[in-house]
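See structure below.
Computation of the quantities below employed the complete heavy-atom set of this structure, encompassing side-chain atoms and omitting hydrogens, waters and symmetry-equivalent molecules.
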Amino acid sequence: MTSSFAPDSVVLNRKLPLWYQVSQSLRASILGRGPDASLRLPTEEQLAAHYGVSVLTMRQALKELEEEGLISRHRRRGTFIEPGARRCAPRRLLGSIDAIVAQQSGERTAVLGHGPVPVPGEIAEHFPGLTEVVTYRRLRSDGESGEPTNWAENAVRPDVAARLDVADLERWPMTKVLRDAVGVRISRITDTVEARLADPVTAHLLQVPLLSPILHYTGVTYDEDGRVVDVARIHYRGDRFSFSVTVAAE
């Protein structure tokens with residue numbers, strides 16, 4: 001019997017909708033899967049037990065992924081990952097770290113370069129007392145067409161960067177690498193999204209006309225001690241992405 005796809009584990013926040021957290025965690029696992037991973041998902045009951053939620057909650061999470069086109073469900077046969085599913089869905093954030101991981105997953109990533117640099121003036125407020133940070137520049141492309149979709153520059157504290165394996169950044173988003181590979185206990189991430197015009201570097205990397213509209217994302221990641229460990233600046237093609245944020249009542 002063919003083995004089923006094994007999703008990552010997640011610690012759920014009981015203040016946020018469980019179905020949403022489960023769907024985002026499973027989405028990140030699907031988009032970040034290895035090339036030899038099984039396309040068959042475990043049963044609803046097995047997934048519910050894995051995440052520690054009810055079957056009804058699991059069904060709602062799977063419905064979200066089915067509507068996105070990432071999975072297909074077949075009576076008596078089971079649930080399967082769509083191998084050709086489009087991987088540039090709108091970015092939807094609802095307050096969980098796994099939502100951040102999910103939004104960054106599912107694209108081919110090439111590391112353009114990395115190394116220590118003086119702390120850039122525009123982010124110096126986040127690194128008081130430091131004279132330099134280690135930057136990582138990456139280009140992400142659509143998994144099917146190969147078309148560039150965004151490029152990112154992360155500024156990471158040197159003590160954290162010393163424990164980071166660059167090869168991991170070609171497989172996983174920076175947030176996942178920091179949390180799961182480096183072991184940073186992330187307390188929160190502050191996001192800012194604004195409209196900008198493509199500068200020469202962005203226009204060249206994303207293959208868009210100079211001064212065309214882009215979405216500029218800044219994500220500031222804090223550890224449990226309140227230190228900023230990473231500042232991500234990501235430039236998204238304006239014709240490929242939209243962002244929505246849902247604020248849940250207490």
Side-chain angles (χ1 to χ4, degrees), residues 24 27-28 31-32 86-93 97 99-127 132-157 160-161 164 166-179 186 188-222 228-245:
Q24 292 302 293
R27 182 180 189 275
L31 295 182
R86 188 166 181 78
R87 303 185 176 192
C88 292
R91 274 36 182 164
R92 298 174 54 197
L93 307 183
I97 299 301
I100 301 293
V101 172
Q103 86 165 22
Q104 298 170 352
S105 298
E107 297 164 321
R108 295 177 183 170
T109 301
V111 177
L112 303 177
H114 64 93
V117 299
V119 178
E122 62 268 29
I123 61 173
E125 63 179 300
H126 299 300
F127 297 105
E132 68 176 24
V133 291
V134 179
T135 61
Y136 300 85
R137 292 161 59 94
R138 293 165 296 139
L139 178 66
R140 299 191 185 105
S141 304
D142 182 85
E144 295 178 11
S145 68
E147 181 181 54
T149 58
N150 66 85
W151 78 275
E153 184 173 36
N154 291 76
V156 180
R157 296 182 66 89
V160 175
L164 192 155
V166 176
D168 287 339
L169 293 176
E170 296 183 343
R171 301 173 53 203
W172 300 318
M174 176 65 83
T175 303
K176 182 175 177 64
V177 171
L178 291 175
R179 185 188 66 179
I186 297 174
R188 71 184 190 276
I189 299 175
T190 301
D191 295 323
T192 302
V193 180
E194 58 185 311
R196 290 191 180 181
L197 300 178
D199 59 27
V201 172
T202 298
H204 172 71
L205 290 175
L206 300 187
Q207 300 178 14
V208 297
L210 184 65
L211 302 182
S212 60
I214 62 168
L215 290 176
H216 180 80
Y217 163 93
T218 302
V220 183
T221 301
Y222 297 80
V228 173
V229 295
D230 168 47
V231 176
R233 290 171 291 172
I234 309 178
H235 310 261
Y236 292 94
R237 284 182 54 150
D239 60 344
R240 294 296 300 272
F241 294 101
S242 64
F243 283 77
S244 65
V245 179

Nearest 0.5 Å, please: how far is CD1 in Ile186 from OH in Tyr222? 13.0 Å
For Arg233, check salt bridge (Lys or Arg N to Asp or Glu O under 4.0 Å) against everything at least two apart and list the hits. Glu122, Glu153
Report yes if some heavy atom in the side chain of Thr109 is under 4.5 Å from a heavy atom in the side chain of Leu169; otherwise report no. no
Measuring from atom CD1 of Ile234 to atom CE of Met174, what distance do you get when rounded to the nearest 0.5 angstrom? 10.0 Å
Where is the tightest heavy-atom contact between Pro148 and Ser141, given as atom of each residue plus distance? CA-OG, 3.9 Å
Side-chain polar contacts of residues 199-208 - donor-acceptor pairs under 3.5 angstrom, sequence neighbours left out - could you list them?
from: Asp199; atom 1: OD1; to: Val201; atom 2: N; distance (Å): 3.2
from: Asp199; atom 1: OD1; to: Thr202; atom 2: N; distance (Å): 2.7
from: Asp199; atom 1: OD1; to: Thr202; atom 2: OG1; distance (Å): 3.0
from: Thr202; atom 1: OG1; to: Trp151; atom 2: NE1; distance (Å): 3.0

In Å, rounded to the nearest 0.5 Å, how long is the span from CG of Asn154 to CZ of Arg138? 4.5 Å
Considering all heavy atoms of both residues, which atom of Val156 and which atom of Ala161 are nearest to each other, and what is their separation? CG1-N, 3.8 Å
Which heavy-atom pair separates Gly219 from Asp191 by the least distance, and what is that distance? CA-OD1, 3.9 Å
Interatomic distance, CD1@Ile214 vs CD@Glu194, rounded to 0.5 Å, equals 9.0 Å
Say you draw a straight line from CG of Asp230 to CZ of Arg157; how long is it, rounded to the nearest 0.5 Å? 11.5 Å
Arg171 CZ to Lys176 NZ distance, which is reported to the nearest 0.5 Å: 9.0 Å
Using modelled atom types and a 3.5 Å cut-off, is there a donor and acceptor pairing between side-chain atoms of Thr149 and backbone atoms of Arg140? yes
List in chain and number order the residues that pass ring pair (Phe, Tyr, Trp, His ring centres under 6.0 Å) with Tyr136, two or more places apart in sequence or in another chain; answer none if no residue qualifies. His114
Testing the basics here: between Glu132 and Pro116, what is the closest heavy-atom pair and its distance to 0.1 Å? OE2-CB, 3.8 Å
For Val229 and Leu178, the nearest pair of non-hydrogen atoms, with its separation, is CG2-CD1, 4.5 Å
